Amino acid sequence: MDFFRVLSHGTKFDKERFFNDAVKLKMVRTADSNEMPGFEATKIKSEKILKRKREQSTEEEDLNIFNTPSHNECKDRKTSATASQDFLGDSFSSPSSSTMTSPKTITKYHGKMSDGKRRTKVPRNERDVHRENVSRIRNANRIHIWGSDIPDPCESFQLVSNLVDSKPWHNIVSCGYQVPTSIQMQAIPVLLQGREMLACAPTGSGKTVAFLLPVIMMLGQPKNVGFRAVIVVPTLELASQIFRECQRLSEGTGLKSFMIDKNDVTVERFKNTTKCDILITTPNRLVHLLKLEIISVKNVVHLIVDECDRLFEGGFRDQLGFIYSACDSPDIKRAFFSATCAYDVEEFCKTHLENPIFLNVGPKNAAVDLVAQELVFTGTEAGKLASFRDLVRKGVEAPILVFVQSQDRAEELYTELTHQGLRVERIHGGKSKGQRENIIESFRLGKIWFLICTSMMSRGVDFPGVKVVVNYDLPQSPIEYIHSIGRTGRAGRTGRAITFFTEADRDNLRRIAQVLENSGFPVPPYVLHLPRLRKAKKGKRKFEVPNRASILKMSKYDIAKKKRRLQMIRQSKGKLDKEEINEDGIEKEMRVEEKQRQQRGEEQKRKKKKPRNKDGNDSIQGSFKKKKQENLVKKVKAREKPTEDVTASLSSTSSSQSKKKQPLVHQNTPRHKWKNSRKISNNEGKKFGKKSGKIRDKTKS
Ligand SMILES: Nc1ncnc2c1ncn2[C@@H]1O[C@H](COP(=O)(O)OP(=O)(O)OP(=O)(O)O)[C@@H](O)[C@H]1O
């Protein structure tokens, strides 16, 4: 019998059709069985049919989440899973099962049976009650799950096995997490059971804790054998955010986490990584290090891929494949997480994961319902800027994230908005790591109100305070849209998302409008009647971006002038504090500005403190005046001196000079003496320039 069970694991055994065989194999309870005396076999059979129908009606709802082409396959597997559960006996043996609603024997009126016989009141056993309880929790939390031998969800952190009073428990409490979110309720028990899974849950629903907590709990104590868990994410910003969260949750456990954040690949840097247990990285950096054989992932037993649908795109796909095959420990357990799920990922998980569990929270690929979404037609690019200014003028709650299509457009919008005196910054791939970190930190601290960013920031990054997201340029796909608006409305908070569109967005508009409509927000009817994008074009559009007119309203001359000015300012700052400017962080720049301001202030204070002269002049001015006067006196004296000398020498011989100045004397002096004096005065004119000549002329006249 056991051998038969093992052989038929996962297959469907039609107990209705082969009822007699099932009775022989003791797969169904009969009237003769000791467990349920007094019931006829036929009654049990009909009860089973009814029960299955009941289960199917609730479980079919769950299956709808996989309405991809693999839907039928999923359905078959689901039935087989249910069958295998029946076949293998009670599958609800997780620790939390005992803490569910206390089992009672309840009787229920089942209605008319399929064979037309009058219905009976059927006593329901412990297992039925338990199942109903589990599906009640799942339905209430919109948890849709598929797979075999699924553990029960846990409605509170206390119900997670071995968590209470452990170090991670204290960390959970100190983080202020009181109850698990929907994804945490189900994903934590699944991972703790050592199962492989694919999980999709809305943005901001706490997926990070959902995978970090079980990984930390299962790693237990540090072992000094190198990395035992690897978490792969698409961006550095997300990596550092998860690294921070990991450090918070693993505090006191002795586990060490490590993030590959620099391009520095020297062996020295990774020498001590054997003491680290959890590695958080972007795929390209890890692949690089693996190829250089600087680090090893041979002991990795937990591989977590966050934002998995993004990592299945473009160049990331090969890198992920490399990491996947490098983590080849026989005990490896893999889990894939994202807010949006792609068909490729599902197919991959179905074929490559071992007995996987598929988990979905809420409707598949939908925007988070706490965000109010708006579509705004702006006509042209100029209209966008006007609409944005209008938004600001009317009053919009900061901080605000503004998404644009490219780095260039981020720079252009930044230039335009800085004119308004808004506290704006931009962040994109063109910025260095240090700059990006500084900007994010300033944004978190509220020093920046408007952060202009590219799609690089649309995934995973958690700014709990962001109330409004503006899609200045329409995102390229509904998936990108869902992630970008998911930067607001996080962890149960509400938010607002405003999306601008122009005629250039004709191709993508319909698909994005569909997301709004599905969430119940108004969409102009004409948008929903736009022609569908052909499949071939749809694939291309992922990499094609609409040609948009420049955001800048200034002329090229003004832009060049402004650039020159900025350069000059930068250079002058560089002279002041070269080191700080080299880092080019906002805070540093602010500090430089602050320093300059302080210097200016001190100078002014010093000026104010200086004593003033009686006549109200500053002492400096007074002394300057004094000096000027002295100089003048000196000059005059210098000019006067030779004349005096001459007159003195003359006066010794004659008093012609005095006669010259006093014509009355002239008249009285003898003629020859006057002549001599005239001669001397002529010489004097030659000697001291025209002035004396002029004087002479005047005297002549
Ligand atoms: N149980 C909890 N109770 C309250 N807040 C929580 C809980 N778990 C996580 N959070 C908070 O929810 C916020 C979002 O979490 P997280 O970044 O993990 O979301 P996510 O699902 O990964 O989002 P995204 O899909 O955008 O990456 C964080 O600020 C986190 O601190």
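When a ligand or atom number is given, it counts from 1 through the structure's own listing order. Below, all heavy atoms of this structure are taken into account, side chains as well, without hydrogens, waters or symmetry copies. Here the structure is a predicted model, which means the values were calculated and not measured. Along the sequence shown, residues carry numbers from 1.
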Closest protein heavy atom to [atom], given as residue, atom name and distance to 0.1 Å:
| atom | value |
| --- | --- |
| atom 23 (O) of ligand 1 | G204 N, 2.8 Å |
| atom 21 (O) of ligand 1 | K207 NZ, 2.9 Å |
| atom 29 (O) of ligand 1 | D462 OD2, 2.6 Å |
| atom 27 (O) of ligand 1 | G460 CA, 3.2 Å |
| atom 3 (N) of ligand 1 | Y177 CD2, 3.6 Å |
| atom 8 (N) of ligand 1 | Q184 NE2, 2.9 Å |

F348 and Y324 aromatic ring geometry - parallel, tilted or perpendicular at 30°/60° bounds: perpendicular
Side-chain H-bond candidate by donor/acceptor type, [X] with [Y], under 3.5 Å:
| X | Y | answer |
| --- | --- | --- |
| S406 | D408 | no |
| T340 | H483 | yes |
| N133 | R136 | yes |
| N171 | S250 | no |

R317 charged N/C atom sitting above F312 aromatic ring, 6.0 Å / 45°: no
Pair R285-H288, side-chain contact (heavy atoms from CB on, under 4.5 Å): steps then yes or no: CA-CA 5 Å; R285 282 161 203 244; H288 188 55; 5.6 Å; no
At under 4.0 Å between heavy atoms, which part of [X] makes contact with ligand 1: side chain, backbone, both or neither?
| X | result |
| --- | --- |
| R459 | neither |
| C175 | neither |
| R490 | side chain |
| E307 | side chain |
| T208 | both |

Pairs of nitrogen or oxygen atoms closer than 3.5 Å, one from [X] and one from ligand 1: do any exist?
| X | answer |
| --- | --- |
| Q178 | no |
| T203 | no |
| G206 | yes |

Relative to the heavy atoms of [X], which atoms of ligand 1 are at a distance of less than 4.0 Å?
| X | answer |
| --- | --- |
| P202 | 21 (O) |
| A491 | 11 (C), 12 (O), 13 (C) |
| R487 | 26 (O) |
| S205 | 19 (O), 20 (P), 21 (O) |

Residues, nucleotides or ligands: over 12 heavy atoms within 6.0 Å of N162 CG: no
Sole candidate of E441, E237, H428 that passes side chain to side chain donor-acceptor pair (under 3.5 Å) when paired with R436: E237
Partner of L279 under side-chain contact (heavy atoms from CB on, under 4.5 Å), chosen from I231, I260, V232: I260
Per atom 1 (N) of ligand 1, closest listed option by heavy atom (L213, V209, L212, V179): V179
Derivation of the salt bridge (charged side-chain N to carboxylate O under 4.0 Å, His left out) call for D277 and R228: CA-CA 5 Å; D277 306 276; R228 289 183 290 147; 3.1 Å; yes
Ring centres under 6.0 angstrom apart (F463, F443): yes
